[in-house]
Amino acid sequence: MQKIKILTDSTCDIPKEEEKRLGIKIMCFPVTVDGVSYRERQDFSNAEFYKMMDNAKEMPTTSQLTAYEILEVYKELYSEGWTDVIHVTISSTGSATYNNALSATQTFKEEVLSKDGPEMRIHVVDSKNYTGVYGYPVMQAALKAQKGTSPEDIIEYLNEWLDRAEVHFVPMTLKYVKKSGRVTAAAAFAGELLGLRPLIKIVGGVSTVVEKIRGEKNIIPKLLADAEQYMTPQTPYLIVSGSDKTLPKILEQAMTEKFGYPPEYMVEIGAAIACNAGHNVVGFVIKGDRR
C-alpha cells in the first residue's frame with residue numbers, strides 16, 4: 001500500500017496552519033542576522049523577522065540546506081514507513097539545495113536501503129522558483145496524496161504547474177534587491193534617486209526587470225496589466241505580500257474584480273525571500289504559458 005509524504009523547504013512560504021493540516025514536512029533554511037544563526041519558521045515569526053531586518057547592523061543572509069541535513073530527514077521518513085517521498089525544493093538556480101537533495105538521494109539508496117528491507121522511493125522536484133509559486137502546488141500535492149493519487153500523477157501535476165507558474169512583484173525598497181542582484185547596483189541607485197521601483201518577474205528560475213515604475217500610485221495598475229497579459233484565464237492565482245498589507249489588499253480587490261474570482265490565498269513572504277527582496281513587497285503568482 002502506498003504511503004506518500006510531501007517534503008519541501010521553508011521558502012515555499014506555506015502557512016503554518018496548512019503545513020499542519022496537510023501533514024507537509026518542511027525543512028527550515030538557516031538564517032544569519034548580525035552573526036547569530038536562526039532557523040526560518042522555527043525561531044521567529046515573519047513579523048518578528050521583519051523587525052529584526054530593520055534593526056540589523058548587517059544584511060541578513062541565508063544558507064543552503066546541506067546534503068547531510070537532507071539525508072537525515074530522508075532517514076527519519078524511512079523509519080516512519082513512507083513508501084514515497086516527493087521532495088519539492090527551492091529553485092536550483094538560486095540555491096544548491098536541489099543538487100544537495102539529489103546527492104542525498106543517491107547516498108540514501110547506497111547506504112540506507114537494503115535488499116531485504118522495505119523500499120522508499122524519493123522523487124526530487126526542482127520548483128524553478130520561489131515562495132507560493134511552489135508553496136501552492138505543494139499544498140495541492142498533499143491533498144492529492146491524502147486522496148490516494150499515485151506518486152506519478154502527483155509529480156505530473158507538480159511539473160505541469162511549475163513549468164508554467166511565475167511570480168511578479170514590486171519591492172518597495174531597493175536596498176535588498178540591490179544586494180541580492182535582482183537588479184544591478186546602478187539601476188538600484190538610479191531608482192533610489194528617481195523614485196523608481198522595478199517590477200520583477202521570475203520565470204523558470206530566471207529573474208528579469210519587466211519595467212521600472214515611477215510613483216506608488218502606478219504600482220497596482222502596472223501589476224494588474226501584467227497579470228492580464230500573462231495569466232492563463234480561469235486558473236488559480238495568489239497575492240504576494242510582506243510587512244505592509246495595504247497595497248496587496250488593493251491588488252487583491254483589483255484582481256478579483258478584473259478576473260471575476262478571488263485569489264487562492266495571500267502568501268506572506270518569509271525570511272529567505274525577505275532577505276533578497278526586502279520585507280515590503282506586493283505582487284502575484286500566476287499560471288502562464290508552458291515554456
Side-chain angles (χ1 to χ4, degrees), residues 8-16 19 25-70 72-73 89-101 127 129-135 167 169-193 196-198 200 202 205 207 209 240-248 266-283:
T8 189
D9 51 60
S10 55
T11 307
C12 68
D13 293 332
I14 290 173
K16 283 191 173 183
E19 171 191 2
K25 177 77 171 179
I26 297 180
M27 296 188 68
C28 298
F29 274 103
V31 180
T32 301
V33 183
D34 290 338
V36 181
S37 296
Y38 302 91
R39 287 282 174 169
E40 183 177 18
R41 296 176 76 95
Q42 294 179 354
D43 295 329
F44 45 69
S45 66
N46 287 342
E48 289 169 340
F49 184 72
Y50 300 157
K51 291 180 180 178
M52 290 168 67
M53 290 180 70
D54 287 338
N55 296 325
K57 296 176 182 177
E58 300 177 355
M59 288 281 196
T61 60
T62 59
S63 303
Q64 64 191 7
L65 294 171
T66 67
Y68 173 79
E69 290 177 278
I70 297 169
E72 290 302 299
V73 171
T89 74
I90 184 176
S91 176
S92 61
T93 62
S95 172
T97 299
Y98 170 73
N99 287 326
N100 290 342
S127 75
N129 222 303
Y130 309 92
T131 191
V133 172
Y134 68 105
V167 58
F169 70 98
V170 176
M172 300 307 290
T173 59
L174 299 178
K175 175 181 175 182
Y176 296 94
V177 289
K178 179 178 177 180
K179 163 253 178 184
S180 70
R182 296 291 180 226
V183 294
T184 66
F189 181 71
E192 289 166 341
L193 289 180
L196 299 175
R197 295 183 178 90
I200 300 171
I202 303 179
S207 63
V209 176
V240 177
S241 72
S243 56
D244 189 338
K245 301 295 189 293
T246 305
L247 284 179
M266 182 181 288
V267 56
E268 183 179 83
I269 62 169
I273 299 297
C275 283
N276 291 284
H279 61 68
N280 188 4
V281 300
V282 57

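As the structure is a computational prediction, the values presented were derived from the model and not from experiment.
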So do [Y] and [X] actually touch side chain to side chain, heavy atoms under 4.5 Å?
{"X": "P60", "Y": "M52", "result": "no"}
{"X": "L247", "Y": "M172", "result": "yes"}
{"X": "I269", "Y": "Y50", "result": "yes"}
{"X": "Y134", "Y": "I90", "result": "yes"}
{"X": "D43", "Y": "S37", "result": "no"}

Identify the heavy atoms of [X] and [Y] that sit nearest to each other, and give their distance.
{"X": "A271", "Y": "F44", "answer": "CB-CE1, 3.8 Å"}
{"X": "Q64", "Y": "E69", "answer": "O-OE1, 4.1 Å"}
{"X": "M53", "Y": "A274", "answer": "CE-O, 3.3 Å"}
{"X": "R41", "Y": "S10", "answer": "CD-CB, 3.5 Å"}

**Asked** Do any N or O atoms from the side chain of S127 and from the backbone of N129 form a donor-acceptor pair under 3.5 angstrom?
**Response**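 The answer is yes, because a donor-acceptor pair under 3.5 Å joins these two groups.
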
**Message:** Consider side-chain contact (heavy atoms from CB on, under 4.5 Å). Of V167, I273, D13, which one does Y130 pass it with?
**Reply:**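 It is I273, the one option of V167, I273, D13 that forms the side-chain contact (heavy atoms from CB on, under 4.5 Å) with Y130.
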
**Within 6.0 angstrom of K245 NZ, more than 12 heavy atoms from elsewhere** =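 Yes, the 6.0 Å shell around NZ holds more than 12 heavy atoms from other groups.
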
**Request:** Any salt bridge (charged side-chain N to carboxylate O under 4.0 Å, His left out) involving residues 270-283? Give me the pairs, sequence neighbours left out, ordered by first then second residue.
**Result:**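 Qualifying pairs, neighbours excluded: none.
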
Kindly list each side-chain donor-acceptor pair under 3.5 angstrom involving residues 27-34, sequence neighbours excluded, with atom names and distances?
from: D34; atom 1: OD1; to: K57; atom 2: N; distance (Å): 3.1
from: D34; atom 1: OD1; to: E58; atom 2: N; distance (Å): 2.9
from: D34; atom 1: OD2; to: K57; atom 2: N; distance (Å): 3.1

